[in-house]
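In this text the structure is predicted, and so the values were computed from the model without any measurement. As a basis for the values below, the full set of heavy atoms in this structure was taken, side chains included, without hydrogen atoms, waters or symmetry mates. Every number for a ligand or one of its atoms is a count from 1 in the order of the listing.
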Amino acid sequence: MKDLIKDQYGLLYSSELLLSIIVLIFIIAIIANLNDGINEKMLSEEELSSLESIAIKSSDYLLNNPGNPENWEEDDGLDNGIVSKNIIPGLAIKNKNVENGEFFDESASDEMIMSNTISYNKLMKIKNNYDSLVDENLFNNSVHSSMAIYPLNSEIRPIEMGYDFGNEDDNVNDNDIVTVNRTVKCDFYSNFVVYDFNDFELFGESFEDGLCNHDSNPNLTNHVNNDESIWLCKNFRVYKKSLNDYNYYLISDESVKNTGTYCILESLNRTSENKKILNQEVIELNPFFLEDLENSSGEIYSIHFNVDKNRVNDFKTVLVAIPNNMSDVLISNGELNYDYFRVQDVTFILKVGYE
Ligand SMILES: [Zn+2]
């Protein structure tokens, strides 16, 4: 009888043990499964460092090379989605020098490339042909990628392009993506600036430009600086045929509204004393120019600004010439704005991940 009881206990023990073993196997199987799942999503150290290398090298390349062939962004095919296999896009600006928020032509050194710069025009061509230019030509379809610029100036919209890696916050695959951030300079539409009227560097501390026709004409009021205000006067020639290709605008920063700055706009044959208070951010000039060009192929115009001496830093006005076919796009995008005609600091972001 004692033995039987013993045996009963023994049986009980062994069935408990069996159950435990089964449960343990289940737990091990679940953990192993979970591990498999994690391994599928995580890259090996080798893969990750190769992805990092791709991201860093291609960022360096894009921001320090203008691309190949030279002036690739002017290829007509790019506007129609026809992309040559030979184009390797680069973003850097060539032959320019940055000064007072503008890039200037650098004629002395032909081979000069500005490192850590972005040509806005090139960036737009990449945005419109991303699959061909970047996925195929640059990365040979070996990775997914996306590019973006985030201007430090909040008046300018960010631009994003390429593969959608999803939202940063809920992206479970974040470990599979390598992101490169660089702060660089982007030219935006500064190439369209004909005159930057706040370029006092040109005249030195005296703000004198010495080229005003009002000073030499006894019938006109002298534009001589006094204690309260300074004059900034520019003469420039406009050809009738250029009005077919370009829209001219006087574009001011919002800050100019409070400065009491006024301007006088005239042609050499239509001199004027009419003061126009600068309280608009955009003034269209083509209609004014056309008044003198009915019977003439070209005319010399003058623009004279009178600026309060204490407010010169708030006087920010540029004369721009925008190709006709782009004007409507700029207007509808809200980009006919002073900030878009300055060189701006932007954060460039390149993301790459395996297919
Ligand atoms: Zn003047």
Side-chain angles (χ1 to χ4, degrees), residues 99-102 104-105 190 192-240 242-243 246-322 336-338 341-342:
E99 209 175 283
N100 297 334
E102 267 188 88
F104 288 104
D105 284 313
S190 62
F192 298 145
V193 172
V194 180
Y195 281 122
D196 178 357
F197 294 107
N198 197 16
D199 194 1
F200 295 119
E201 296 279 312
L202 281 177
F203 316 123
E205 278 301 300
S206 66
F207 305 136
E208 293 283 353
D209 59 4
L211 280 169
C212 180
N213 56 307
H214 281 236
D215 295 344
S216 53
N217 186 334
N219 299 320
L220 297 167
T221 312
N222 260 355
H223 288 173
V224 177
N225 300 339
N226 58 32
D227 288 345
E228 285 85 42
S229 66
I230 58 161
W231 282 97
L232 289 160
C233 312
K234 292 251 185 182
N235 304 314
F236 50 94
R237 187 185 288 274
V238 175
Y239 292 99
K240 193 177 186 175
S242 63
L243 296 184
Y246 293 95
N247 285 330
Y248 289 81
Y249 299 96
L250 204 57
I251 299 182
S252 301
D253 186 62
E254 221 184 337
S255 65
V256 85
K257 286 178 185 172
N258 313 313
T259 60
T261 298
Y262 61 83
C263 73
I264 295 171
L265 197 56
E266 60 179 16
S267 68
L268 212 56
N269 298 321
R270 190 159 52 107
T271 52
S272 167
E273 299 275 5
N274 289 338
K275 296 171 183 177
K276 185 175 169 54
I277 296 280
L278 219 60
N279 53 13
Q280 273 173 277
E281 286 168 45
V282 177
I283 297 172
E284 208 180 334
L285 295 176
N286 282 36
F288 175 81
F289 291 155
L290 276 169
E291 282 183 47
D292 299 284
L293 293 172
E294 292 245 343
N295 305 308
S296 149
S297 64
E299 183 63 63
I300 291 172
Y301 295 88
S302 311
I303 191 158
H304 314 261
F305 293 97
N306 185 272
V307 188
D308 188 315
K309 220 164 201 169
N310 299 317
R311 304 300 299 272
V312 283
N313 292 329
D314 293 321
F315 170 62
K316 298 171 185 170
T317 300
V318 286
L319 174 70
V320 303
I322 300 168
L336 209 57
N337 174 301
Y338 181 79
F341 294 89
R342 314 301 296 167

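Separation of the W231 and F197 ring centroids does not fall under the 6.0 Å cut-off.
In this structure, CZ on F315 lies 7.0 Å from CG on L278, to the nearest 0.5 angstrom. If you take CZ on F341 and CG on L319, they are separated by 10.5 Å, rounding to the nearest 0.5 Å.
H304 has its closest N, O or S atom to the Zn ion (ligand 1) at the position named ND1. Sorting the N, O or S atoms of H223 by how far they are from the Zn ion (ligand 1) puts ND1 first.
Between SG of C212 and SG of C233, the angle at the Zn ion (ligand 1) works out to 120°, rounded to 10 degrees.
Residues V194 and F236 fail the side-chain proximity criterion, which asks for heavy atoms closer than 4.5 Å.
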